[in-house]
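Structure, as C-alpha cells:
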Amino acid sequence: MSRSHYFLRGLGAAYLLILCTSISVMISVPVALHYLDKEAFGIWVVVTQISGYLLMLEFGTSGSGIRLLMDHKDHAADGQYGTMIKTLACVQTVQAVILLLAGLAATPLLVRLLDVPSGMAAVFQGVWMSQVAVLSISFLGRIGSQLLTAHHRADLVYHSQSVLSVVNIVVMWLSFRAGTGLYSMVLANGIAVVLSLAVTLIAAKKLHLFAPPEARGRVSRPAAKALFSFGGDLFFLAFGLTLLGSSQAPIITRVLGFEMAAVWGVATKLFTMAQQVVGRLLDSSASSLMEMVVRKERERLQMRFQDILALTAALALWAATTAAVCNGPLLEVWTRGRIAWPWINDVLMGAVLASMTITRMHIGLAGTTKIFRGLQFVYFFEGLLFAVLAYVMARRFGLAGILMSALFADILGAGVFGSRRTAAEFGTSAFTAGLRWLAIPLRGGAALIALAALHGWVTRHTAAWPTLI
C-alpha cells in the first residue's frame, strides 16, 4: 500500500477524532459548569496542566521508541525488532511506577506552591492523586499504539480514541448525576485510558505487528541505551513544550486566581482544537517522512516537506483567523456568558496558534531525521523564557501578557533556530526555509486578516448568534 494511501487514511481518521473530541468538549464544558462552580472547574484545569509535567518522566522514550521501531521493522527476523519491543515495554513499565511515586510525593508541595485555599485543599489533593494514577496507567501497554504508528496504522489509534471520546462524555455525565462531583472527570478519563490501551494492544496483535516467535529477542541494555540516547534529545523538546503548554494555568492561578484559570481553560479551547486540526498534517505524514529518511530518499523528503510546510501554514493562518473571529461570540453562546475575555486576547491567541504551528514543522523535521544539532534545546530555553516573561507580564497585562510572552518566545526560539536547522538540512538559506517557502500562504493570510478586521467592524454592535453565524 502506498504512502499516500496511509497518509490520507491516517489524516481522515485524525480529523474524525478531532470532530469527536470537539463535540465531546462542546458538551462536557457546559455540563461541568452546570455541576461545578468556576473555582472547582479551575482546579481541574490546573491539575490537568500540571500533571503534564509528570509525563516528562518518560524521558522521550515514547517518541524515540516509535522512531527506532521504524529502523528495525523491515528486518524483523534478525531479532533486533523483537528486542526493541521488549525493552521498550519494560522501560515504560518501570517509568509508570516512578511516575506514580513521584506524583504522590509532590502532592503537599503543590498545595503550598499554588497557595490552594484551605477549604479546597482536600479536594485538590484527591483529584491530583487520582489523576496521577490515571497517568501512571497510561504508560502501561502503550506499546500497542507505538507499533501501530510505526507500521503506518495510526488511523486505528485515532479511531479507537474517537469512540472513547464518546465513552468519556457518557461516563462523566453519569458520574455527575451520581453525585461524584469533580471526581467525575477523573473517572471518565481513567476509563477511557484503560479501554484505549486494551484496544490498541488487541489491534497490534491481530495485525501481527509484534515480532515473530522465533525472533522475539530479549530485554537488552544496548537497546535501552539507544532508547534513552535518542530519547534524551526528545526529552528536552518535550520538556520545553510542557513549559510552553502547561505553565499557563499554574502562573495564572498564582497571580490571578483559580477563576481566571477556569477562564483560560475554556476560552482557549477553540484555538486548541484548531491547532489539532492543522497539526495532524505533520502527525499523519510523520511515519512516511521517517521511512524516507531510513531509505535515504532525500530529494523526495525535501519535496514532501515543502508541500506539507506550505499546506500547514495555509491552514494554520486560516484556522487562526477563523478562531479569533469566532471565539468571542462562541463563548457567549456556549457558556451563556459565564466565560468571556477581551477581543484582543483572541487576536493574540490566533497569532500564537499560527506561529507555533508553523515553527513546529521545523522541529518535527529534526526529530524525523534524528539529527538535532542543538535544536533539541530550543523548546527548553523557549519554555524557560516564556515562563519568566509570562509571570512578569501577567501581573501587568493579565492574560494578554501571557499570550504576548508566548508569541515573543516562539518567534525568537523555534522560529529563528528552527528555520536555520531546516536550511542546513536541505542546503538552502534560512530566509528560504523560514519565509520564501511560505510566500503563498502568507499572502493568503494577509487577505484573511483584512477580512477578519472588516468582519469585526461590521458586527461590533451585533448580538452573539448572528455574529457567530
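Along the sequence shown, residues carry numbers from 1.
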- Task: Hey, can you tell me if His362 and Phe305 have their rings parallel, tilted or perpendicular (30° and 60° cut-offs)?
- Result: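 Rings of His362 and Phe305: tilted, 30 to 60°.
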- Message: Looking at Glu425 and Arg420, is any side-chain nitrogen of the basic one under 4.0 Å from a carboxylate oxygen of the acidic one?
- Response: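 Salt bridge: no.
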- Message: Filter on ring-ring contact (aromatic ring centres under 6.0 Å, His included), then keep only pairs touching residues 277-296, sequence neighbours left out; what's left?
- Response: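 ring-ring contact (aromatic ring centres under 6.0 Å, His included) check on residues 277-296 returns no pairs.
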- Face-on cation placement of Arg421 at Phe417 ring, 6.0 Å and 45° thresholds: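 The answer is no; the distance or angle limit is not met.
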Closer than 3.5 angstrom, by distance alone: can the side chain of [X] be matched with the main-chain N or O of [Y] as a donor-acceptor pair?
X	Y	result
Thr428	Ala424	no
Glu382	Ala414	yes
Asp155	Gly12	no

- Message: Could you check whether any side-chain heavy atom of Tyr379 comes within less than 4.5 Å of a side-chain heavy atom of Arg360, counting everything from C-beta outward?
- Response: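 Counting from C-beta outward, Tyr379 and Arg360 do come under 4.5 Å.
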- Query: Does the side chain of Val25 reach to within under 4.5 Å of the side chain of Trp334, using non-hydrogen atoms?
  - Reply: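 Side chain of Val25 against side chain of Trp334, heavy atoms only: contact under 4.5 Å found.
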- Task: Count the heavy atoms belonging to other residues, nucleotides or ligands that lie under 6.0 Å from CG of Leu174, then report whether that count exceeds 12.
- Result: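 Above 12, so yes.
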- Task: For Leu207 and Leu156, run side chain to side chain contact (heavy atoms under 4.5 Å, CB included): C-alpha distance rounded to whole Å, both residues' side-chain angles, the deciding distance at 0.1 Å, then the answer.
- Result: CA-CA 11 Å; Leu207 292 174; Leu156 296 180; 3.5 Å; yes
- Scan residues 171-181 for pairs that pass side-chain hydrogen bond (donor to acceptor under 3.5 Å, both in side chains), counting only residues two or more places apart or in two chains.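 As it turns out, the side-chain hydrogen bond (donor to acceptor under 3.5 Å, both in side chains) pairs with a partner in residues 171-181, which skip direct neighbours, are Thr180-Ser184.
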- Item | Taking every non-hydrogen atom, the tightest pair across Leu164 and Ala192 |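 Heavy atoms of Leu164 and Ala192 come nearest at CD1-O, 3.4 Å.
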- Without hydrogens or angle criteria, can the side chains of Gln92 and Gln146 be said to hold a donor-acceptor pair below 3.5 Å?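 Present: a donor and an acceptor within the cut-off.
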